[in-house]
Amino acid sequence: MHAPVDVVILAAGKGTRMKSAVPKVLQRLAGRPLLGHVIGMARSLAARATVVVTGHGAEAVEAALPSLADGLPLRTVRQQPQLGTGHAVQQAMPWLADDGVTLVLSGDVPLTRPQTLAALLAAQAAGGPDALALLTVDLPDPHGYGRMVRNPAGAVLAIVEEKDATDEQRGITEVYSGILAAPTDRLRRWLARLDNRNAQGEYYLTDVVRYAVADGVPVVAHRVTDAVEVAGVNSCAQLAALERAYQQRVAQALMAQGVRLADPARLDVRGELVCGQDVEIDVNCVFEGRVVLGDGVRVGANCVIAHATVEAGAVIHPFTHIDGEAAGVVVGAQARVGPFARLRPGARLGPAVHVGNFVEIKNSTLAAGAKANHLAYLGDATVGERVNYGAGSITANYDGANKHRTVIEADVHVGSNCVLVAPVTLGAGGTVGAGSTITKDTPAGALTVARAKPVTIPNWRRPAKRKP
């Protein structure tokens, strides 16, 4: 039986090269703070306890944690002053039980795969109950990293930090990633022996390796081949490089599922994108929050889609902006949206609805076959089946104090440049003449022209559609 896993996340660093007032661990990658990605790793491992060590920008980091935890119990401790990585882990030790294994993660290393961490923990367990396990990687340019020093037989002897390394040691390309797993009781004793007699005057976490070697404890190294997994962020350039690496991962996974991407390098997923069969996505599209694309959905170039469900066979034409926020947006099967359309929170489009260029819809439901093809606004409206909503028409849903609802019943035709002053109901099958301002309910089947003086013609019949 494996020992329980407790996680310590080091989130106290300043990141001076970011030149930002925002703490480094709160810089965003794929729409989430770096620290949120690392907390997700702890969640994936079902960690018994997770301790976040804060320091620089502690107030901001601690304020952000409830939204990042997503139900994972977190404890925070502050490292004041910041005296090195070993000193940081020392702050967390009072909150960790001796019967577990402590996994140390860096709050600015966001792309370590959960399976890699599971393999590191397995290597620690295989090494014996006292073993220390280190995550390492070979880098062609190891500058800035601690070097893995081994004996001729390959056994790990120590980790030597860049500033303390000899010229020969600086030539070593295997480096320590900053991630380790150790039995908590052993780690506690090693940390108590740390000193700061080194080039930086800091308490190095890496010194626990030489203490483990001196104590005769097995030290095992689990080496990864993908440097992105252990890459940290200390500059805007590094953050941008990791962003592209993350998006490439997502693109490759989507294409493996059968999604057709016009250009995998021009896709941004900043949340969760779930795709059915035969989905096509053109270039420069951004997806935020949870987005579900049903079978056969096509998304044109330069679209932004957030917090939305697009059902089977729908087409989102280029330059469309959809953001459901908390209320969400639903685009029905076989619907057509855009180009240059905007769907705001609460928009619900039924099957085969058409929403055209420069049409904005908010908190409104459009039933099957309804159309608003040009230059229109529908807010707080209920639109029936087969309604045709003319260019330049709007619902005046706000009176300066309260929002009111507009109901447009089935088969109504609203002409161009109309204003529907809510609350108002347009009866089924009626027609509103172009340029009308409607302030009162209209009867079913009527033609209403409301300009200088409202005119209602009861039992009016719409002209038959001309045959082509």
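Start at 1 with the first residue, then count along the sequence.
Neither side chain, His307 nor Glu288, offers a donor N or O lying under 3.5 Å from an acceptor on the other. With hydrogens and angles left out, the side-chain atoms of Gln82 and His56 include no donor and acceptor closer than 3.5 Å. With no hydrogens or angles considered, no side-chain donor-acceptor pair links Arg348 and Ser364 at under 3.5 Å. Judged by distance alone, the side chains of Asn234 and Lys24 do bring a donor and an acceptor atom under 3.5 Å apart. Between the side chains of His404 and Asp399, at least one donor-acceptor pair of N or O atoms lies under 3.5 Å. A donor-acceptor contact closer than 3.5 angstrom links the side chains of Gln27 and Ser20. Between Glu229 and Thr112, the side chains place no donor N or O within less than 3.5 Å of an acceptor N or O (distance only, hydrogens not considered). Remark: the Thr442 side chain and the Thr448 side chain contain no N/O donor-acceptor pair separated by less than 3.5 Å.
The pair Arg78-Glu59 meets the salt-bridge criterion, since a charged nitrogen lies less than 4.0 angstrom from a carboxylate oxygen. Between Asp138 and Arg223 there is a salt bridge, since at least one side-chain N of the basic residue sits less than 4.0 Å from a carboxylate O of the acidic one.
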Asp268 vs Arg244, salt bridge (Lys or Arg N to Asp or Glu O under 4.0 Å): CA-CA, chis, key distance, verdict: CA-CA 9 Å; Asp268 281 88; Arg244 295 327 312 157; 3.1 Å; yes
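One N or O on the side chain of Thr395 and one on the backbone of Gly379 form a donor-acceptor pair closer than 3.5 Å. With hydrogens and angles ignored, the 3.5 Å screen pairs no side-chain donor or acceptor of Gln248 with any backbone N or O of Ala265. A donor-acceptor distance shorter than 3.5 angstrom exists from the side chain of Ser235 to the backbone of Gln238, with no hydrogens or angles considered.
Residue Ile39 is tested with Leu74, Thr50, Asp70 for a side-chain contact (heavy atoms from CB on, under 4.5 Å); the sole match is Leu74. The only option from Leu180, Leu187, Val5 that meets the side-chain contact (heavy atoms from CB on, under 4.5 Å) definition with Thr102 turns out to be Leu187.
Pairing each heavy atom of Ser393 with each of Asn417, the nearest pair is OG-N, 3.5 Å. Closest approach of Leu267 and Phe287 over heavy atoms only: CD1-CE1, 3.7 Å.
Surrounding NZ of Lys371 are at most 12 heavy atoms belonging to other residues, nucleotides or ligands under 6.0 Å away. For Arg298, the CZ atom is loosely surrounded, since the number of other residues' heavy atoms within 6.0 Å does not exceed 12.
Ring geometry, Phe358 versus Phe340: the interplanar angle falls under 30°, so the pair is classed parallel (tilted spans 30 to 60°).
Judged as a side chain to side chain donor-acceptor pair (under 3.5 Å), not a single pair has a partner in residues 331-342 (not counting sequence neighbours).
For the atom pair CG (Asp263) and CG (Asp282), the distance works out to 9.5 Å, reported to the nearest 0.5 Å.
With sequence neighbours left out, Arg75 forms a salt bridge (Lys or Arg N to Asp or Glu O under 4.0 Å) with no residue at all.
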